[in-house]
Amino acid sequence: MKKALVTGITGQDGSYLAEFLLDKGYEVHGIVRRASSFNTSRLDHLYKDPLVDDTKLFLHYGDLADAVQLVKLLYKLQPDEIYNLGAQSHVRVSFDIPEYTGDVTGVGAVRILEAIREAGLVNKVRYYQASSSEMYGKVQEVPQVETTPFWPRSPYACAKMYAHWLTVNYRESYGLHASSGILFNHESPRRGETFVTRKITRAATRIKLGLQKKLILGNLDSKRDWGYAKEYVEAMWLMLQQDEPDDYVIATNETHTVREFLEETFSCLDLDYNEFVGFDQKYERPAEVDLLIGDASKAENKLGWKPKVNFKELVSIMVDADMKLALQEKALSEANLS
C-alpha cells in the first residue's frame, strides 16, 4: 500500500485528490491547521463508519509555516508521495497580506523540500508542487505552454513562482523526483465561495429562490481557462507515476470571460444577469491578469491526460450543486419562520 501526504487537504483540490488516492488504494495523510471551528467539511464523506470499516485517511495538525513539525511528520510517516497543495490561494487577498502569502505559499515549499532532505527521503519520495497559471501574468505568448516566460502580477503569483523554481532547483541539485503542475483555473462545487466562479453560482441560485437580491463583482472582462478540478487531480497523480520528473501545463485550451461565466450561469436558471449584477472597484486587483489560456499538449502526449468536462458542463455541475444548497437554505428559513 502506497502512502501519500497531502498539504492543503481540506481545500477543493486536496479533498478531490484524497478521494482519488483512496480509490487507488493509498493510505492518505493530510496536514490541517488548528482552528476554533471545523474546517474539514470537504472530507467528511470520506470517513467510513468505524464499526463497519477502517478509514485509510488520517489528518495531522501542522502548518506550512512550521518547519519543525514538517520534519517530524516526514520522519514518522515516511510517505511515498507528497503533494504540496497548501497555500494562501486567493489572488486578490494576496495584495492585502503579501508577507503571509509569501511565507506560506512560497517559503512553505522550501520547508517541505528541506524536510524531505532532513528526513532522508530524497531517493524514496516523489514530490508534487502545485504551480499556477497566475505565474504567466502579463502573458508573453498565447496560448501558454511550459516554456512560456513568467511575468507574475500579484504577490500570490510571485510566491508560486518562487516555489516553482525551487522545485526545479531541488530536482536538478539533489536528484529529487519533483514535478510541478502548472494548473490553469479549475473549479467545482467545492470551490471556496470567495472565488469568483463559486461566488457567481452561489449567488445566482440564491437570487433564483429569492434569498438574495444582488451580486457585486469586479472586472468582468478578464479571460480565464476554466476546467473541472475533479479531473485535474488525476493529472497530479500521473506526474508522480512517471519514470522521470517534469513540469506540465494542465488546461483546457479554451478561454472565457467572467462575463461569459455569468451569462452561462444565469441562463441555466432562466435569468438575465444584467438585472442582478453590480460593480465595485474594491474587487479589482491593483495589477490585472487579462488573459490566460493553456496548451496541455505535453500532458496529453506524455501523461495521457486531457480534460473531458467542457465549459458549459462545468457551469451546469456547479449550478446544480448550489441549487441544492439554496433549496436547503430556503427550506430551513421557511421552517424557522413557521
Side-chain angles (χ1 to χ4, degrees), residues 1-11 13-35 39-40 42-43 46-47 50 54-89 100 102-131 159-160 162-181 233 236-237 239-245:
M1 182 187 298
K2 282 188 175 182
K3 188 183 296 183
L5 175 65
V6 182
T7 72
I9 196 170
T10 60
D13 292 6
S15 64
Y16 279 124
L17 180 61
E19 202 171 74
F20 179 87
L21 293 173
L22 289 169
D23 285 343
K24 289 285 184 184
Y26 279 65
E27 179 179 303
V28 179
H29 295 260
I31 297 176
V32 297
R33 286 174 296 170
R34 172 72 179 89
N39 58 0
T40 58
R42 292 183 179 96
L43 300 171
L46 297 177
Y47 283 98
D54 292 331
T55 182
K56 295 185 179 69
L57 174 63
F58 305 91
L59 301 181
H60 308 267
Y61 286 123
D63 197 299
L64 287 174
D66 187 345
V68 173
Q69 170 62 4
L70 291 172
V71 172
K72 290 166 63 177
L73 198 56
L74 293 195
Y75 268 121
K76 175 184 176 182
L77 297 179
Q78 299 285 303
D80 300 289
E81 298 173 2
I82 297 174
Y83 297 84
N84 181 27
L85 312 184
Q88 189 302 100
S89 59
Y100 175 77
D103 185 40
V104 174
T105 307
V107 181
V110 183
R111 296 186 181 109
I112 298 177
L113 290 165
E114 277 298 289
I116 290 171
R117 294 183 64 218
E118 177 65 28
L121 297 176
V122 169
N123 295 319
K124 175 193 176 183
V125 77
R126 297 190 172 194
Y127 175 81
Y128 171 82
Q129 171 61 34
S131 292
K160 278 292 186 183
Y162 177 64
H164 175 85
W165 281 117
L166 272 165
T167 302
V168 173
N169 185 258
Y170 274 66
R171 179 169 72 211
E172 295 177 351
S173 300
Y174 305 111
L176 177 65
H177 193 296
S179 296
S180 291
V233 299
M236 301 175 188
W237 175 78
M239 291 177 209
L240 299 198
Q241 311 316 305
Q242 306 307 303
D243 291 336
E244 298 295 329

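In this structure a side-chain-to-backbone donor-acceptor pair under 3.5 Å is present from T7 to L85. Formation of a donor-acceptor pair under 3.5 Å by the K160 side chain with backbone atoms of S89 is not found in this model. At distances below 3.5 Å, not a single donor-acceptor pair connects side-chain atoms of R42 with backbone N or O atoms of G14.
The shortest non-hydrogen separation linking E81 to K2 is OE2-NZ, 3.6 Å. Here the closest non-hydrogen pair linking P79 and L121 is CD-CD1, 4.0 Å. Between E27 and F58, the shortest heavy-atom distance links the atoms CG-CE1, 3.7 Å. Considering all non-hydrogen atoms of both residues, G106 and A163 come closest at O-CB, 4.1 Å. A pairwise comparison of heavy atoms in K124 and Q78 identifies NZ-O, 2.6 Å as the closest pair. The heavy-atom pair separating Q69 from G62 by the smallest distance is CG-CA, 4.0 Å.
Within the 4.5 Å cutoff, the side chain of V125 has no heavy atoms near those of the L5 side chain. Between Y162 and T105 the shortest side-chain heavy-atom distance does not fall below 4.5 Å. Residues L46 and V28 have side chains not in contact (no heavy-atom distance under 4.5 Å, counting atoms from C-beta outward). The side-chain heavy atoms of D80 and L240, taken from C-beta on, include no pair separated by under 4.5 Å. You'll find the side chain of Y16 reaches within 4.5 Å of the side chain of E19, heavy atoms only. H60 places a side-chain heavy atom less than 4.5 Å from the side chain of L77. At least one side-chain heavy atom of Y83 sits less than 4.5 Å from a side-chain heavy atom of W237. Contact check for Y127 versus R171: no side-chain heavy atoms found under the 4.5 Å cut-off.
In K3, the NZ atom is crowded: over 12 heavy atoms of neighbouring residues, nucleotides or ligands sit closer than 6.0 Å. Within 6.0 Å of atom OH in Y61, 12 or fewer heavy atoms from other residues, nucleotides or ligands are found, so the atom counts as exposed in its surroundings. Counting heavy-atom neighbours within 6.0 Å of K76 NZ, excluding the residue itself, gives a total of 12 or less. Enclosure of atom CD in Q241 by more than 12 non-hydrogen atoms of other residues, nucleotides or ligands within 6.0 angstrom is indicated.
Between the CE atom in M236 and the CD atom in Q129 there is a gap of 10.5 Å [rounded to 0.5 Å]. Between the CG atom of N84 and the CD1 atom of I112 there is a distance of 3.5 Å, given to the nearest 0.5 Å. Here CG of L74 is found 4.5 Å from CD1 of I82. Values are rounded to the nearest 0.5 Å. The distance from atom OG1 of T167 to atom CG of L113, rounded to the nearest 0.5 Å, is 5.5 Å. Note that the CD atom of Q88 and the OH atom of Y100 stand 7.0 Å from one another [nearest 0.5 Å]. Distance check: I116 CD1 to E114 CD gives 9.5 Å after rounding to the nearest 0.5 Å.
Of the listed residues (V68, D103, V71, D63), just one forms a side-chain contact (heavy atoms from CB on, under 4.5 Å) with R111, and that residue is D103.
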